[in-house]
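Below, chains carry the letters A, B, ... as their sequence lines are ordered, and counting in each starts from 1. The analysis underlying the following values was restricted to heavy atoms, covering all of them including side chains, and did not include hydrogens, waters or symmetry mates.
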Protein chains: 2
Amino acid sequence: MAKTGGYSRAATTPTLSSLDFALDRGSPVPLYYQLAQQLEAAIEHGQLAPGNLLGNEIDLSVRLGLSRPTVRQAIQSLVDKGLLVRRRGVGTQVVHSQVKRPLELSSLYDDLEAAGQAPATQVVRNETVPASADVAAALGLAEGGQVTVLERLRSTYGQPVAFLCNYLPAGLLDLDTARLESTGLYRLMRSAGITLHSARQTIGARSATTEEAALLDEQEGTALLTMQRTAYDDTGRPVEYGTHIYRASRYAFDFQLLVRP
Amino acid sequence: MAKTGGYSRAATTPTLSSLDFALDRGSPVPLYYQLAQQLEAAIEHGQLAPGNLLGNEIDLSVRLGLSRPTVRQAIQSLVDKGLLVRRRGVGTQVVHSQVKRPLELSSLYDDLEAAGQAPATQVVRNETVPASADVAAALGLAEGGQVTVLERLRSTYGQPVAFLCNYLPAGLLDLDTARLESTGLYRLMRSAGITLHSARQTIGARSATTEEAALLDEQEGTALLTMQRTAYDDTGRPVEYGTHIYRASRYAFDFQLLVRP
DNA sequence: CAGTGGTCTAGACCACTGT
DNA sequence: CAGTGGTCTAGACCACTGT
């Protein structure tokens, strides 16, 4: 194989070298972030195909007029997203199968809306009560501490999808029934300045009781999907505990997992 | 408030300043990783309590004899794990509620073993067949391409827990029935040098058919938990597609989610 | 052996936070 | 205003990979 320095290097990056990245140093958007977004766009639009090598970091930084750490920061953020793979001694490649959706703390409302299903919510209960032992434990409160309990029936096209029971520390945010019927709980929390950071979820299944079947327009004994979740804000304080049941005929959990090394 | 440089700074880090971190520059373990592990241990053992401030990065780097980027790299890895929170202008704190388990691509075998349940596996089917359309699509193969199909019944204490059906590209690894009965599929894959990187999972529920009920020692119509998963290696190639059913009375999925900003 | 990413240094300036 | 983390530079040496 013929080998000339510049030529062979260019040959490993047929598409990347022809892309131009526009970096704006006047912008408040960090340079590494500008680069990451443009690389992501190039991957998404197929200009960088799966398996393509990116070219080494040093060349890339020289070509872009950036320092190597800045280029690495951009690349690392895409590695974290699962779009690129790095191998020492080999190079940085676009992954073969793209991760479509990163793992997210799923919001039923957002999921249904994203699927074009126009979710509707009926608030069945919205009051402040003393916490039972299990709720207090989940929310890190003293037993008998005040919590707001919400019960909501969520439907699409006039058919119930899920029955949601949630507990929140009283006074954490304003839980207006009208607003709860027009949007999701997590959106309300976000707009109140609460940043969700992590959650612990348990997903299981069981047969519907008579009451549950009636609520969800199913027959007694039908298989239901169940979820319990405690969500934490960015300081690690529990902000929400929920027990949900879903009609298995109308809903399933869809996850994209990334394995962190 | 009395304020003397050294004193007030020490006051914000009552515990950290009394901890000593032992960094070994002769070790092949990176310095940032040594620091991260010692910080993590200090958090786990309660020497750094939830809400404690870590002290600013500059001081920390001077005290440890490290550069600031190295200290930042250690801190960032714990922020990624959900153990620390950083706020510009405020500082770095230990989160209030610790993330017990990071999100993982769960292996039923490992989960059961970790719970002290001594899982046993019976291989019901292990053969190479042409791929059906759905299996070929999931694995990115041509329809009719060769795939290995595995059917396994997993039990603990002599009672079935799940029935697992998996498809893998033929020849990807040696799937010895005896080894499959003594360990989990993911462990076999790891020991064959396959690094799992991401997966797409769907979790749902449905009623057991007569055959499924018989397999799992349940009654027809019982609620079952179902999972479909396609797993990808670190280059993004699909390496496994599975359809699993679980006895809801004996198993539930337990997840720890981190929300990436 | 050449080429790659992994780690590390010693700075600099800035944006944001809370008093 | 002082203190914090966020971004960025311009290097250095090393470990690993594949030929």
**Q** In whole Å, what is the span from the CG atom of A:L84 to the C1' atom of C:dG5?
**A** 13 Å
**Q** In whole angstrom, give the distance that lies between atom CD of B:E57 and atom P of D:dT7.
**A** 11 Å
**Q** Looking at CZ of A:F21 and CG of A:L31, how far apart are the two atoms once the value is rounded to the nearest 0.5 Å?
**A** 13.5 Å
**Q** Examine D:dT4: is either OP1 or OP2 under 4.0 Å from a nitrogen or oxygen in the side chain of B:N56? Give yes or no.
**A** yes
**Q** Would you mind reading off the distance between A:Q93 atom CD and C:dT4 atom P, rounded to a whole angstrom?
**A** 13 Å
**Q** In Å, rounded to the nearest 0.5 Å, how long is the span from CG of B:L188 to CG of B:D174?
**A** 8.5 Å
**Q** Looking only at side-chain atoms of B:R72, point me to the closest of C:dT9, D:dG18, D:dG5.
**A** D:dG5
**Q** Within this structure, what is the CG-CD distance for the pair B:L39 and B:E44, rounded to the nearest 0.5 Å?
**A** 12.5 Å
**Q** Return no unless some side-chain N or O of A:T92 is found under 4.0 Å from OP1 or OP2 of C:dG5.
**A** yes
**Q** Quick check for you: among D:dT9, C:dT4, C:dA15, whose closest atom lies nearest to any side-chain atom of B:R88?
**A** C:dA15
**Q** On DNA chain C, nearest-nucleotide positions of A:P69 versus A:G89: which is more 5'?
**A** A:G89
**Q** Rounding to a whole Å, what distance do you find between A:L64:CG and D:dA10:P?
**A** 14 Å
**Q** If you round to the nearest 0.5 Å, how far is CZ of A:R86 from CG of A:L78?
**A** 9.5 Å
**Q** Give a yes or no answer on whether the side chain of A:E57 reaches the backbone of A:V71 with a donor-acceptor pair at less than 3.5 Å.
**A** no
**Q** Within this structure, what is the CZ-CD1 distance for the pair A:R237 and A:I194, rounded to the nearest 0.5 Å?
**A** 11.5 Å
**Q** At 4.0 Å (heavy atoms only), tell me whether B:R87 reaches a base, stays on the sugar-phosphate, or touches nothing.
**A** sugar-phosphate
**Q** Hey, is the side chain of A:T70 poking within less than 4.0 Å of OP1 or OP2 on D:dT9, counting only N and O atoms?
**A** yes
**Q** Between B:Q73 and B:Y33, do the side chains contain a donor N or O and an acceptor N or O under 3.5 Å apart?
**A** no
**Q** Whole angstrom is fine here: how far is it from CD in A:Q73 over to C1' in C:dG6?
**A** 16 Å
**Q** Mind running a 4.0 Å heavy-atom check of residues 29-36 of chain A against DNA chain D and sending the residues that fall below it, in number order?
**A** A:P30, A:L31, A:Y32
**Q** Would you check if the side chain of B:S191 reaches a backbone N or O of B:R187 as a donor-acceptor pair within less than 3.5 Å?
**A** yes
**Q** State the dot-bracket string of DNA chain C. Criteria: Watson-Crick or G-U wobble, both atom distances under 3.5 angstrom; notation: ( ) intrastrand, [ ] crossing earlier pairs, | interstrand, . unpaired.
**A** ||||||||||||||||||.
**Q** Using a distance-only criterion (donor-acceptor N/O pair, under 3.5 Å, no hydrogens), is the base of C:dG6 paired with the side chain of A:R68?
**A** yes
**Q** I'd like to know if A:R229 pairs up with B:D254 as an ion pair, taking the criterion as any Lys NZ or Arg NE/NH1/NH2 lying under 4.0 Å from an Asp or Glu carboxylate oxygen.
**A** no
**Q** Would you confirm whether A:Q34, through its side chain, and A:V29, through its main-chain N or O, come within 3.5 Å as a donor-acceptor pair?
**A** yes
**Q** Rounding to a whole Å, what distance do you find between B:L60:CG and D:dT4:P?
**A** 11 Å
**Q** If you find the nucleotide of DNA chain D closest to B:I58 and the one closest to A:R25, which residue's nucleotide is nearer the 5' end?
**A** B:I58
**Q** Would you mind reading off the distance between B:L54 atom CG and D:dG5 atom C1', rounded to a whole angstrom?
**A** 12 Å
**Q** Please report the distance, rounded to the nearest Å, between CG in A:L53 and C1' in C:dT4.
**A** 10 Å
